[in-house]
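Input: a single structure, listed below in C-alpha coordinates.
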Amino acid sequence: MTRPAIYLDHNAASPLRPEARSALLAALELPGNPSSVHGHGRALREVVETGRRQVARLAGAESRQVVFTASATEAITQAIVAGATAFDAGAVVASAGEHAAALKAAEATGLPVWTLPLDGDGRIDVEALAAALARADAEGISLLVAVHWVNNETGVIQPMGRIGALVGPTRHTLFVDAVQALGRLPLDFAASAPDMMAVSGHKIGAPAGVGALLVKGHADIVRLIPGGGQEQGRRGGTEAAALIAAFGAAAEAAADDDMSALAALVRRVETALRTLAPDVVIFGERAERVGNVSNFAVPGLPSATAMMGLDLMGLSISSGSACSSGKVAASHVLAAMGVPAGLAGCALRVSFGWNSLPADADAFIAGFEKFHSRLKREGTAA
Ligand SMILES: Cc1ncc(COP(=O)(O)O)c(C=O)c1O
(Lines give C-alpha, C1' and ligand atoms only; values in the text may rest on other atoms or scores of the structure.)
Protein backbone atom coordinates (compact mmCIF):
# COMPACT_ATOMS: atom_id res chain seq x y z
CA MET A 1 0.00 0.00 0.00
CA THR A 2 1.35 3.42 -0.88
CA ARG A 3 1.73 5.98 1.86
CA PRO A 4 -0.94 8.70 1.66
CA ALA A 5 0.67 11.81 0.27
CA ILE A 6 0.45 15.17 1.97
CA TYR A 7 -1.00 17.69 -0.44
CA LEU A 8 0.54 21.14 -0.17
CA ASP A 9 -0.25 22.55 -3.59
CA HIS A 10 -3.67 24.20 -3.33
CA ASN A 11 -2.59 27.11 -5.54
CA ALA A 12 -2.18 24.65 -8.42
CA ALA A 13 -5.53 22.98 -7.74
CA SER A 14 -7.47 22.55 -4.53
CA PRO A 15 -8.84 19.05 -3.84
CA LEU A 16 -12.52 18.46 -4.56
CA ARG A 17 -14.69 19.61 -1.65
CA PRO A 18 -17.39 17.16 -0.46
CA GLU A 19 -20.04 19.81 -1.14
CA ALA A 20 -18.80 20.18 -4.72
CA ARG A 21 -18.73 16.41 -5.21
CA SER A 22 -22.34 16.03 -4.04
CA ALA A 23 -23.55 18.89 -6.24
CA LEU A 24 -21.59 17.51 -9.20
CA LEU A 25 -22.94 13.96 -8.87
CA ALA A 26 -26.52 15.12 -8.31
CA ALA A 27 -26.42 17.33 -11.40
CA LEU A 28 -24.81 14.60 -13.51
CA GLU A 29 -27.91 12.47 -12.93
CA LEU A 30 -30.14 15.09 -14.57
CA PRO A 31 -30.69 14.57 -18.28
CA GLY A 32 -31.16 17.39 -20.70
CA ASN A 33 -29.89 20.76 -21.74
CA PRO A 34 -30.36 23.90 -19.65
CA SER A 35 -31.57 25.77 -22.72
CA SER A 36 -34.47 23.35 -23.34
CA VAL A 37 -37.87 24.68 -22.40
CA HIS A 38 -39.28 21.36 -21.14
CA GLY A 39 -39.25 20.27 -17.51
CA HIS A 40 -35.88 18.50 -17.72
CA GLY A 41 -34.33 21.57 -19.29
CA ARG A 42 -35.87 23.84 -16.69
CA ALA A 43 -34.51 21.66 -13.88
CA LEU A 44 -30.99 21.98 -15.32
CA ARG A 45 -31.48 25.71 -15.82
CA GLU A 46 -32.24 25.95 -12.11
CA VAL A 47 -28.98 24.09 -11.36
CA VAL A 48 -27.01 26.53 -13.51
CA GLU A 49 -28.70 29.60 -12.03
CA THR A 50 -28.15 28.36 -8.47
CA GLY A 51 -24.45 27.93 -9.28
CA ARG A 52 -24.41 31.41 -10.78
CA ARG A 53 -25.92 32.94 -7.62
CA GLN A 54 -23.41 31.10 -5.43
CA VAL A 55 -20.35 32.12 -7.47
CA ALA A 56 -21.68 35.68 -7.69
CA ARG A 57 -22.09 35.88 -3.93
CA LEU A 58 -18.48 34.86 -3.24
CA ALA A 59 -17.19 37.38 -5.79
CA GLY A 60 -19.48 40.21 -4.64
CA ALA A 61 -21.05 40.26 -8.11
CA GLU A 62 -24.62 40.35 -9.32
CA SER A 63 -25.76 37.02 -10.78
CA ARG A 64 -26.25 38.48 -14.24
CA GLN A 65 -22.59 39.60 -14.23
CA VAL A 66 -21.37 35.98 -14.14
CA VAL A 67 -20.53 34.38 -17.51
CA PHE A 68 -19.48 30.73 -17.15
CA THR A 69 -16.52 29.51 -19.19
CA ALA A 70 -14.48 26.31 -19.35
CA SER A 71 -11.53 27.75 -17.41
CA ALA A 72 -10.09 30.97 -16.13
CA THR A 73 -7.69 30.82 -19.06
CA GLU A 74 -10.67 31.08 -21.40
CA ALA A 75 -12.17 33.91 -19.31
CA ILE A 76 -8.85 35.76 -19.37
CA THR A 77 -8.54 35.28 -23.14
CA GLN A 78 -12.09 36.55 -23.62
CA ALA A 79 -11.38 39.61 -21.47
CA ILE A 80 -8.08 40.49 -23.11
CA VAL A 81 -8.32 39.32 -26.73
CA ALA A 82 -12.02 40.01 -27.29
CA GLY A 83 -11.95 42.94 -24.83
CA ALA A 84 -9.16 44.72 -26.71
CA THR A 85 -11.23 44.49 -29.90
CA ALA A 86 -14.56 45.38 -28.29
CA PHE A 87 -13.13 48.47 -26.61
CA ASP A 88 -10.88 49.38 -29.52
CA ALA A 89 -7.72 49.36 -27.40
CA GLY A 90 -4.54 50.77 -28.90
CA ALA A 91 -2.30 48.90 -26.45
CA VAL A 92 -2.52 46.32 -23.69
CA VAL A 93 -0.97 47.09 -20.32
CA ALA A 94 -0.03 44.00 -18.32
CA SER A 95 2.17 43.52 -15.30
CA ALA A 96 5.29 41.39 -15.56
CA GLY A 97 3.81 39.10 -12.92
CA GLU A 98 0.69 38.06 -14.84
CA HIS A 99 -0.13 34.40 -15.29
CA ALA A 100 0.89 32.96 -18.65
CA ALA A 101 -2.81 32.94 -19.61
CA ALA A 102 -2.84 36.75 -19.55
CA LEU A 103 0.63 37.24 -21.01
CA LYS A 104 -0.16 34.99 -23.98
CA ALA A 105 -3.56 36.60 -24.49
CA ALA A 106 -1.95 40.05 -24.47
CA GLU A 107 0.52 38.84 -27.09
CA ALA A 108 -2.33 37.33 -29.13
CA THR A 109 -4.07 40.70 -29.48
CA GLY A 110 -1.26 41.75 -31.83
CA LEU A 111 -1.26 45.13 -30.05
CA PRO A 112 1.75 46.71 -28.37
CA VAL A 113 2.07 45.34 -24.83
CA TRP A 114 3.23 47.84 -22.23
CA THR A 115 4.68 45.97 -19.27
CA LEU A 116 4.35 47.18 -15.68
CA PRO A 117 7.35 46.17 -13.58
CA LEU A 118 7.13 44.50 -10.16
CA ASP A 119 9.08 45.77 -7.17
CA GLY A 120 11.42 43.53 -5.19
CA ASP A 121 8.50 42.26 -3.13
CA GLY A 122 6.32 41.40 -6.10
CA ARG A 123 4.02 44.44 -6.04
CA ILE A 124 2.93 46.02 -9.32
CA ASP A 125 4.52 49.43 -9.92
CA VAL A 126 1.52 51.75 -9.69
CA GLU A 127 3.57 54.77 -10.77
CA ALA A 128 4.32 52.95 -14.03
CA LEU A 129 0.58 52.42 -14.48
CA ALA A 130 -0.04 56.15 -13.97
CA ALA A 131 2.66 56.88 -16.57
CA ALA A 132 1.05 54.44 -19.02
CA LEU A 133 -2.33 56.15 -18.61
CA ALA A 134 -0.73 59.56 -19.20
CA ARG A 135 1.07 58.23 -22.28
CA ALA A 136 -2.17 56.79 -23.66
CA ASP A 137 -3.90 60.13 -23.18
CA ALA A 138 -1.03 61.90 -24.94
CA GLU A 139 -1.24 59.40 -27.83
CA GLY A 140 -5.05 59.50 -27.87
CA ILE A 141 -5.44 55.72 -27.51
CA SER A 142 -7.49 53.52 -25.19
CA LEU A 143 -5.84 50.90 -23.03
CA LEU A 144 -6.85 47.48 -21.89
CA VAL A 145 -5.21 47.13 -18.48
CA ALA A 146 -4.75 43.52 -17.31
CA VAL A 147 -3.51 42.93 -13.79
CA HIS A 148 -3.80 40.13 -11.24
CA TRP A 149 -5.18 40.59 -7.75
CA VAL A 150 -3.14 37.91 -5.97
CA ASN A 151 -0.02 36.33 -7.37
CA ASN A 152 -0.21 32.57 -7.76
CA GLU A 153 3.47 32.04 -6.96
CA THR A 154 4.10 34.43 -4.08
CA GLY A 155 0.60 35.14 -2.73
CA VAL A 156 1.38 38.87 -2.92
CA ILE A 157 -1.79 40.99 -2.88
CA GLN A 158 -1.63 43.74 -5.46
CA PRO A 159 -2.57 47.33 -4.56
CA MET A 160 -5.98 46.98 -6.18
CA GLY A 161 -7.46 50.02 -4.41
CA ARG A 162 -4.84 52.27 -5.99
CA ILE A 163 -5.03 50.53 -9.37
CA GLY A 164 -8.83 50.82 -9.39
CA ALA A 165 -8.69 54.48 -8.34
CA LEU A 166 -6.34 55.21 -11.24
CA VAL A 167 -8.07 53.29 -14.03
CA GLY A 168 -11.68 53.28 -12.78
CA PRO A 169 -12.61 56.89 -13.53
CA THR A 170 -10.98 56.85 -17.00
CA ARG A 171 -12.23 55.58 -20.36
CA HIS A 172 -9.67 52.76 -20.21
CA THR A 173 -10.73 49.17 -19.49
CA LEU A 174 -9.62 47.33 -16.36
CA PHE A 175 -9.47 43.54 -16.33
CA VAL A 176 -8.43 41.71 -13.16
CA ASP A 177 -7.33 38.08 -12.88
CA ALA A 178 -8.84 37.23 -9.50
CA VAL A 179 -8.21 33.48 -9.73
CA GLN A 180 -6.07 33.35 -6.58
CA ALA A 181 -8.10 36.01 -4.79
CA LEU A 182 -11.50 34.27 -4.93
CA GLY A 183 -12.26 32.73 -1.56
CA ARG A 184 -9.04 34.11 -0.09
CA LEU A 185 -9.91 37.81 0.02
CA PRO A 186 -13.27 39.51 0.35
CA LEU A 187 -14.23 40.53 -3.20
CA ASP A 188 -16.81 43.09 -4.20
CA PHE A 189 -16.86 43.03 -7.99
CA ALA A 190 -20.13 44.94 -8.41
CA ALA A 191 -18.97 47.90 -6.32
CA SER A 192 -15.30 47.97 -7.32
CA ALA A 193 -13.47 49.41 -10.31
CA PRO A 194 -12.72 46.40 -12.56
CA ASP A 195 -14.81 46.15 -15.72
CA MET A 196 -14.11 42.43 -15.95
CA MET A 197 -12.70 39.81 -13.62
CA ALA A 198 -11.74 36.13 -14.12
CA VAL A 199 -12.19 33.34 -11.57
CA SER A 200 -11.63 29.58 -11.65
CA GLY A 201 -13.40 26.59 -10.08
CA HIS A 202 -10.49 24.29 -9.38
CA LYS A 203 -8.65 26.80 -7.21
CA ILE A 204 -11.46 26.70 -4.64
CA GLY A 205 -12.32 23.00 -4.58
CA ALA A 206 -14.47 22.41 -7.66
CA PRO A 207 -13.17 20.22 -10.50
CA ALA A 208 -11.04 21.76 -13.24
CA GLY A 209 -12.95 22.66 -16.39
CA VAL A 210 -15.09 25.51 -15.15
CA GLY A 211 -14.35 29.19 -14.68
CA ALA A 212 -16.15 32.46 -15.08
CA LEU A 213 -15.71 35.91 -16.48
CA LEU A 214 -17.44 38.55 -14.41
CA VAL A 215 -18.54 41.46 -16.57
CA LYS A 216 -20.17 44.79 -15.87
CA GLY A 217 -23.07 45.57 -18.23
CA HIS A 218 -21.04 47.71 -20.63
CA ALA A 219 -18.65 44.75 -21.12
CA ASP A 220 -21.45 42.43 -22.27
CA ILE A 221 -20.19 43.11 -25.78
CA VAL A 222 -16.93 41.24 -25.03
CA ARG A 223 -17.47 37.91 -26.79
CA LEU A 224 -14.95 35.25 -27.68
CA ILE A 225 -17.22 32.30 -28.53
CA PRO A 226 -20.51 33.51 -30.05
CA GLY A 227 -21.98 30.02 -30.59
CA GLY A 228 -25.61 29.34 -29.80
CA GLY A 229 -26.35 32.40 -27.72
CA GLN A 230 -25.90 30.79 -24.28
CA GLU A 231 -24.93 32.97 -21.31
CA GLN A 232 -27.00 35.79 -22.83
CA GLY A 233 -24.93 35.61 -25.98
CA ARG A 234 -21.73 36.26 -24.06
CA ARG A 235 -20.30 32.72 -24.31
CA GLY A 236 -21.66 30.11 -26.65
CA GLY A 237 -21.69 26.40 -25.84
CA THR A 238 -24.05 24.35 -23.71
CA GLU A 239 -23.42 25.21 -20.07
CA ALA A 240 -21.59 22.45 -18.16
CA ALA A 241 -24.37 22.28 -15.58
CA ALA A 242 -22.70 19.70 -13.33
CA LEU A 243 -19.40 21.56 -13.22
CA ILE A 244 -21.22 24.83 -12.60
CA ALA A 245 -23.17 23.19 -9.77
CA ALA A 246 -19.87 22.04 -8.26
CA PHE A 247 -18.32 25.50 -8.69
CA GLY A 248 -21.33 27.05 -6.94
CA ALA A 249 -21.23 24.58 -4.06
CA ALA A 250 -17.47 25.09 -3.66
CA ALA A 251 -18.00 28.86 -3.67
CA GLU A 252 -20.62 28.62 -0.97
CA ALA A 253 -18.36 26.43 1.17
CA ALA A 254 -15.32 28.63 0.54
CA ALA A 255 -17.07 31.59 2.16
CA ASP A 256 -16.61 29.79 5.49
CA ASP A 257 -12.91 28.98 5.06
CA ASP A 258 -10.80 30.09 7.98
CA MET A 259 -8.00 32.03 6.32
CA SER A 260 -6.45 32.92 9.66
CA ALA A 261 -6.00 29.22 10.43
CA LEU A 262 -4.21 28.80 7.09
CA ALA A 263 -2.07 31.85 7.81
CA ALA A 264 -1.06 30.21 11.08
CA LEU A 265 0.14 27.15 9.12
CA VAL A 266 2.21 29.38 6.84
CA ARG A 267 3.71 31.17 9.86
CA ARG A 268 4.54 27.80 11.39
CA VAL A 269 6.32 26.70 8.21
CA GLU A 270 8.20 29.97 7.76
CA THR A 271 9.31 30.08 11.40
CA ALA A 272 10.61 26.52 11.13
CA LEU A 273 12.39 27.27 7.85
CA ARG A 274 14.17 30.28 9.38
CA THR A 275 15.42 28.13 12.24
CA LEU A 276 16.43 25.26 9.97
CA ALA A 277 18.05 27.32 7.25
CA PRO A 278 18.79 30.86 8.50
CA ASP A 279 19.72 31.91 4.96
CA VAL A 280 16.24 31.07 3.63
CA VAL A 281 14.73 33.79 1.46
CA ILE A 282 10.94 34.23 1.63
CA PHE A 283 9.67 35.92 -1.51
CA GLY A 284 7.24 38.80 -1.10
CA GLU A 285 7.89 38.79 2.63
CA ARG A 286 7.56 42.55 3.06
CA ALA A 287 4.41 42.82 0.93
CA GLU A 288 0.87 42.05 1.98
CA ARG A 289 0.24 38.38 1.15
CA VAL A 290 -2.77 36.06 1.24
CA GLY A 291 -2.47 33.71 4.17
CA ASN A 292 -2.32 30.33 2.45
CA VAL A 293 0.99 30.33 0.58
CA SER A 294 4.71 30.57 1.14
CA ASN A 295 7.27 30.82 -1.65
CA PHE A 296 10.84 30.50 -0.46
CA ALA A 297 14.32 29.42 -1.45
CA VAL A 298 17.18 27.91 0.48
CA PRO A 299 20.33 28.92 -1.39
CA GLY A 300 22.18 25.89 -2.71
CA LEU A 301 19.10 23.65 -2.65
CA PRO A 302 17.75 23.50 -6.22
CA SER A 303 13.96 23.28 -6.63
CA ALA A 304 14.11 20.15 -8.76
CA THR A 305 16.24 18.26 -6.21
CA ALA A 306 14.08 19.37 -3.31
CA MET A 307 10.81 18.59 -5.06
CA MET A 308 11.96 15.11 -6.02
CA GLY A 309 13.31 14.39 -2.54
CA LEU A 310 10.15 15.64 -0.85
CA ASP A 311 7.96 13.81 -3.36
CA LEU A 312 9.67 10.55 -2.34
CA MET A 313 8.63 11.36 1.22
CA GLY A 314 5.02 11.78 0.07
CA LEU A 315 5.02 15.58 0.19
CA SER A 316 3.47 17.27 -2.86
CA ILE A 317 4.74 20.81 -3.18
CA SER A 318 5.51 23.01 -6.15
CA SER A 319 8.43 24.96 -7.49
CA GLY A 320 6.14 27.91 -8.20
CA SER A 321 3.70 28.01 -11.05
CA ALA A 322 2.56 24.46 -11.81
CA CYS A 323 0.18 25.48 -14.52
CA SER A 324 2.30 24.65 -17.50
CA SER A 325 4.12 21.51 -18.44
CA GLY A 326 5.12 19.77 -15.23
CA LYS A 327 8.66 20.98 -15.85
CA VAL A 328 10.56 23.02 -13.32
CA ALA A 329 10.95 26.17 -15.38
CA ALA A 330 12.45 29.50 -14.37
CA SER A 331 9.84 31.75 -12.81
CA HIS A 332 9.11 34.94 -14.76
CA VAL A 333 7.53 36.35 -11.60
CA LEU A 334 10.68 35.96 -9.52
CA ALA A 335 12.77 37.25 -12.43
CA ALA A 336 10.55 40.35 -12.56
CA MET A 337 11.11 40.82 -8.83
CA GLY A 338 14.84 40.95 -9.52
CA VAL A 339 15.58 37.59 -7.88
CA PRO A 340 18.86 36.27 -9.29
CA ALA A 341 18.42 33.21 -11.52
CA GLY A 342 20.48 30.99 -9.18
CA LEU A 343 18.25 31.77 -6.21
CA ALA A 344 15.05 31.58 -8.29
CA GLY A 345 16.16 28.08 -9.29
CA CYS A 346 15.81 27.13 -5.62
CA ALA A 347 12.24 28.43 -5.24
CA LEU A 348 9.67 26.19 -3.60
CA ARG A 349 6.00 26.88 -2.99
CA VAL A 350 3.87 25.41 -0.25
CA SER A 351 0.17 26.29 -0.44
CA PHE A 352 -2.60 25.29 1.94
CA GLY A 353 -6.36 25.19 1.49
CA TRP A 354 -9.74 24.11 2.78
CA ASN A 355 -8.70 20.67 4.09
CA SER A 356 -5.21 21.56 5.35
CA LEU A 357 -4.41 20.71 8.95
CA PRO A 358 -1.61 21.65 11.34
CA ALA A 359 -0.40 18.07 10.85
CA ASP A 360 0.23 18.85 7.17
CA ALA A 361 2.48 21.79 8.09
CA ASP A 362 4.25 19.61 10.65
CA ALA A 363 4.75 16.80 8.12
CA PHE A 364 6.28 19.27 5.69
CA ILE A 365 8.57 20.72 8.36
CA ALA A 366 9.69 17.24 9.47
CA GLY A 367 10.24 16.08 5.88
CA PHE A 368 12.09 19.22 4.89
CA GLU A 369 14.28 19.03 7.98
CA LYS A 370 15.19 15.41 7.23
CA PHE A 371 15.91 16.17 3.60
CA HIS A 372 17.88 19.34 4.32
CA SER A 373 20.06 17.74 6.99
CA ARG A 374 20.77 14.76 4.72
CA LEU A 375 21.94 17.11 1.98
CA LYS A 376 24.01 19.05 4.50
CA ARG A 377 25.67 15.82 5.64
CA GLU A 378 26.40 14.98 2.01
CA GLY A 379 27.75 18.51 1.58
CA THR A 380 25.36 19.40 -1.24
CA ALA A 381 23.38 22.10 0.54
CA ALA A 382 24.68 25.31 1.97
C1 LIG B 1 -3.42 33.65 -11.27
C2 LIG B 1 -3.94 32.60 -12.21
N3 LIG B 1 -4.56 32.96 -13.34
C4 LIG B 1 -5.05 32.08 -14.20
C5 LIG B 1 -4.93 30.71 -13.98
C6 LIG B 1 -5.51 29.76 -14.97
O7 LIG B 1 -6.67 29.15 -14.46
P8 LIG B 1 -7.35 27.89 -15.20
O9 LIG B 1 -6.51 26.72 -14.84
O10 LIG B 1 -8.74 27.81 -14.65
O11 LIG B 1 -7.33 28.16 -16.64
C12 LIG B 1 -4.25 30.27 -12.83
C13 LIG B 1 -4.00 28.84 -12.63
O14 LIG B 1 -2.99 28.47 -12.08
C15 LIG B 1 -3.77 31.24 -11.91
O16 LIG B 1 -3.15 30.87 -10.79
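Values reported hereafter were calculated over all heavy atoms of this structure, with side chains retained and with hydrogens, waters and symmetry mates removed. One-based numbering, in listed order, for ligands and for the atoms of each.
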Any heavy atom of [X] sitting closer than 4.0 Å to ligand 1?
{"X": "Ile76", "answer": "yes"}
{"X": "His202", "answer": "yes"}
{"X": "Glu74", "answer": "no"}
{"X": "Gln180", "answer": "yes"}

Item checked: Proximity to ligand 1 by part of His148, non-hydrogen separation under 4.0 Å -> neither

Checklist line | Candidate list Val147, Ile124, Val167, test side-chain contact (heavy atoms from CB on, under 4.5 Å), partner Leu129, passing option | finding: Val167

Check: Do any nitrogen or oxygen atoms of Ser200 lie less than 3.5 angstrom from nitrogen or oxygen atoms of ligand 1?
Finding: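 For ligand 1, there is an N or O atom that lies under 3.5 Å from one belonging to Ser200.
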
Notebook entry, point to check: So is Ala72 polar-close to ligand 1, meaning N/O to N/O under 3.5 Å?
Noted result: yes

Notebook entry, point to check: Relative to the ring of His38, is the ring of His40 parallel (under 30°), tilted (30 to 60°) or perpendicular (over 60°)?
Noted result: perpendicular

Checklist line | Heavy-atom side-chain proximity of Arg234 to Val215 below 4.5 angstrom | finding: yes

Item checked: Non-hydrogen side-chain atoms of Val199 and Trp149 separated by less than 4.5 Å -> no

Checklist line | Separation between OG1 of Thr115 and CG of Leu103, rounded to the nearest 0.5 Å | finding: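 Reported value, rounded in 0.5 Å steps: 8.0 Å.
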
Margin query: Can you tell me how far apart OG (Ser356) and CZ (Phe364) are? Round to the nearest 0.5 Å.
Written below: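 Going from the OG atom of Ser356 to the CZ atom of Phe364 covers 13.0 Å.
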
Notebook entry, point to check: Checking side chain to side chain donor-acceptor pair (under 3.5 Å) for the pair Glu98/Ser95: CA distance, chi angles, key distance, verdict?
Noted result: CA-CA 6 Å; Glu98 294 314 300; Ser95 93; 2.7 Å; yes

Give the atom numbers and elements of ligand 1 that come within less than 4.0 Å of a heavy atom of [X].
{"X": "Ser71", "answer": "10 (O), 11 (O)"}
{"X": "Thr73", "answer": "6 (C), 8 (P), 11 (O)"}
{"X": "Asp177", "answer": "1 (C), 2 (C), 3 (N), 4 (C)"}

